[in-house]
Enquirer: 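Pasting a structure here, questions to come.
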Amino acid sequence: MARQALDAVLQHIRKVAAGSHKGWQDDRELLERFIDRQDRAAFAALMQRHGPMVRSVCWRLLRHEADTDDAFQATFLVMLGKARSIRKRRSLGSWLYGVAFRTALRARAVAAQRERHEMRATATAPAEPWRDAAWRELCTVLDEELQGLSEKYRDPLVLCYLEGRTRDEAAHQLGLSLRTLQRRLERGRELLRMRLSRRGLTLSIGLLATSLSEQAASAALPAGLLNLTVKAALLHAAGKATAAGLISAHAAVLAKGVL
């Protein structure tokens, strides 16, 4: 009797888990809707899904609002330029993570060159400069080594730690079983820990997981930036020059350089 009750509970849980993904459109479906029909809603959904992670990467490397917004817009302009040739459409997060990282690095080099010639009027010194610099360096090294992992292990880490997806959501999005996803997460964390140790950073698996998760909340996605970028993307995809007024010259240059 107890066994039958347990089986009924397990069956109910499986039904709930299967139903939780109803109505969910994966990245491939959304990207193809935008490519084929220039569907504004599809592009907006992709930006809402991955935008916070993209902006978070840019913010960690740049720590300047205007530069971060430019790198953010440039990342999605690169996605537009590469949309038809993106191979892993089912999980766009990891691909966007790599583009955002490279774009932010390029933007940081430009900013460093600019700072050698002029002081930023809006810059404010942090209360504890050494602490801010140390955290920024840790984040940079983490991003560099995470970017160096193979897609097999980077994809689950990006989804679960940088985008805050549940294990169920990540497994569904990657087309994996929960058991396989868990194995890849564990192996990915271990590989990342080993790569960091070679850089002189010794972190336990628990601390590493915490550091990755804390990065996910390091920057919010302003609604105005989202709407502006969606509008510019639609105009850009349609080949209309008016998109130039919605994208900064710096963002356009960054995107061209990354492309």
Side-chain angles (χ1 to χ4, degrees), residues 21 24-58 61 71-106 142-165 167-178 180-185 187-189 191-192 195 212 216 229-230 232-234 236-239 251-252 254-259:
H21 298 298
W24 170 274
Q25 288 187 297
D26 64 27
D27 291 346
R28 177 186 56 78
E29 292 174 309
L30 292 171
L31 185 60
E32 289 176 359
R33 273 174 49 195
F34 180 72
I35 291 172
D36 296 337
R37 306 196 294 272
Q38 294 185 16
D39 189 324
R40 178 191 177 96
F43 189 80
L46 286 172
M47 286 194 63
Q48 288 174 330
R49 184 176 294 175
H50 302 296
M53 179 273 294
V54 168
R55 195 168 190 275
S56 183
V57 174
C58 297
L61 289 172
F72 173 88
Q73 288 192 321
T75 298
F76 283 98
L77 285 180
V78 171
M79 189 187 82
L80 284 177
K82 293 280 190 178
R84 294 184 181 278
S85 62
I86 295 174
R87 181 172 56 86
K88 291 195 67 177
R89 295 183 178 183
R90 186 178 177 88
S91 178
L92 200 59
S94 183
W95 186 87
L96 281 169
Y97 170 79
V99 175
F101 179 71
R102 291 191 296 275
T103 303
L105 282 181
R106 183 178 289 269
L142 267 173
D143 283 320
E144 287 176 351
E145 296 304 335
L146 181 58
Q147 176 64 17
L149 292 176
S150 67
E151 290 180 346
K152 178 179 179 179
Y153 299 113
R154 185 175 67 244
D155 289 359
L157 290 174
V158 169
L159 285 173
C160 292
Y161 291 112
L162 298 189
E163 293 200 332
R165 307 293 174 202
R167 300 294 193 270
D168 280 337
E169 289 170 342
H172 176 75
Q173 194 163 337
L174 295 173
L176 303 173
S177 68
L178 276 173
T180 299
L181 177 81
Q182 187 61 37
R183 284 202 304 266
R184 291 189 182 182
L185 277 173
R187 180 57 178 161
R189 289 197 303 261
L191 289 172
L192 185 55
R195 293 176 70 97
L212 285 170
T229 307
V230 170
L234 289 169
H236 181 83
L254 283 174
K256 185 177 180 180
V258 175
L259 280 168

Enquirer: Indicate yes or no: at least one non-hydrogen side-chain atom of Leu146 is less than 4.5 angstrom from one of Phe101.
Expert: no
Enquirer: Start with the C-alpha gap between Leu191 and Arg187, add the side-chain angles, then the distance that decides, and say whether side chain to side chain contact (heavy atoms under 4.5 Å, CB included) holds.
Expert: CA-CA 6 Å; Leu191 289 172; Arg187 180 57 178 161; 3.5 Å; yes
Enquirer: What's the spacing between Leu105 CG and Asp143 CG if we round to 0.5 Å?
Expert: 8.5 Å
Enquirer: Quick check against the 3.5 Å criterion: does Gln147 have a side-chain atom that pairs as donor or acceptor with the backbone of Glu144?
Expert: no
Enquirer: Taking all atoms of both residues into account, what is the closest heavy-atom pair of Leu30 and Ala45, and its distance?
Expert: CD1-CB, 3.9 Å
Enquirer: The test is side chain to side chain contact (heavy atoms under 4.5 Å, CB included); show your working for Glu151 and Arg87 and say whether it passes.
Expert: CA-CA 12 Å; Glu151 290 180 346; Arg87 181 172 56 86; 3.4 Å; yes
Enquirer: Compare every heavy atom of Ala255 with every heavy atom of Leu77, then report the nearest pair and how far apart it is.
Expert: CB-CB, 3.7 Å
Enquirer: Hey, what's the ring geometry for Phe43 with Phe34, parallel, tilted or perpendicular (30° and 60° as the breaks)?
Expert: tilted
Enquirer: Within this structure, what is the OH-CZ distance for the pair Tyr153 and Arg183, rounded to the nearest 0.5 Å?
Expert: 9.5 Å
Enquirer: Report yes if the side chains of Arg49 and Leu92 come closer than 4.5 Å at any heavy-atom pair, otherwise no.
Expert: no
Enquirer: Restricting to non-hydrogen atoms, name the atom on Ala83 and the atom on Leu31 that form the minimum distance, rounded to 0.1 Å.
Expert: O-CD2, 4.1 Å
Enquirer: Considering non-hydrogen atoms only, spot the tightest contact between Arg167 and Leu181 and give its length.
Expert: O-CD2, 3.2 Å
Enquirer: Nearest 0.5 Å please: distance from the CZ atom of Arg165 over to the NE2 atom of His172.
Expert: 11.5 Å
Enquirer: Kindly compute the distance separating OG1 (Thr180) from NZ (Lys152), expressed to the nearest 0.5 Å.
Expert: 9.5 Å
Enquirer: Can you find a pair of side-chain heavy atoms, one from Asp168 and one from Leu178, that are under 4.5 Å apart?
Expert: yes
Enquirer: Donor-acceptor check, side chain of Tyr97 to backbone of Asp155, threshold 3.5 angstrom: yes or no?
Expert: no
Enquirer: Minimum heavy-atom separation for Ala71 and Ala104, please, with both atom names.
Expert: CB-CA, 4.5 Å
Enquirer: Going by the side chain to side chain donor-acceptor pair (under 3.5 Å) test, which pairs reach into residues 75-86, not counting sequence neighbours?
Expert: none
Enquirer: Any donor-acceptor pair under 3.5 Å linking the side chain of Asp39 with the backbone of Arg33?
Expert: no
Enquirer: Is there a side-chain contact between Leu162 and Ser56 in this structure, where contact means two heavy atoms from C-beta onward sitting under 4.5 Å apart?
Expert: no
Enquirer: Could you go step by step and tell me if Glu169 and Leu159 meet the side chain to side chain contact (heavy atoms under 4.5 Å, CB included) rule?
Expert: CA-CA 9 Å; Glu169 289 170 342; Leu159 285 173; over 6 Å; no
Enquirer: How long is the straight-line distance from SG of Cys160 back to CZ of Arg184, given to the nearest 0.5 Å?
Expert: 12.0 Å
Enquirer: Given Phe72, which of Thr229, Leu254, Thr103 fulfils the side-chain contact (heavy atoms from CB on, under 4.5 Å) condition?
Expert: Thr229
Enquirer: Given the rule in the side chain to side chain contact (heavy atoms under 4.5 Å, CB included) test, do Asp27 and His50 qualify, once you have shown the distances and angles that lead to the verdict?
Expert: CA-CA 10 Å; Asp27 291 346; His50 302 296; 3.0 Å; yes
Enquirer: So how far is it from Gln38 CD to Leu80 CG, rounded to the nearest 0.5 Å?
Expert: 9.5 Å
Enquirer: Determine whether Arg89 and Ile35 make a side-chain contact, defined as any pair of heavy atoms from C-beta on separated by less than 4.5 Å.
Expert: yes
Enquirer: Contact between Met53 and Val57 at the side-chain level, heavy atoms closer than 4.5 Å - yes or no?
Expert: yes
Enquirer: Do Leu46 and Phe76 have side chains that approach each other closer than 4.5 Å (heavy atoms only, starting at C-beta)?
Expert: no
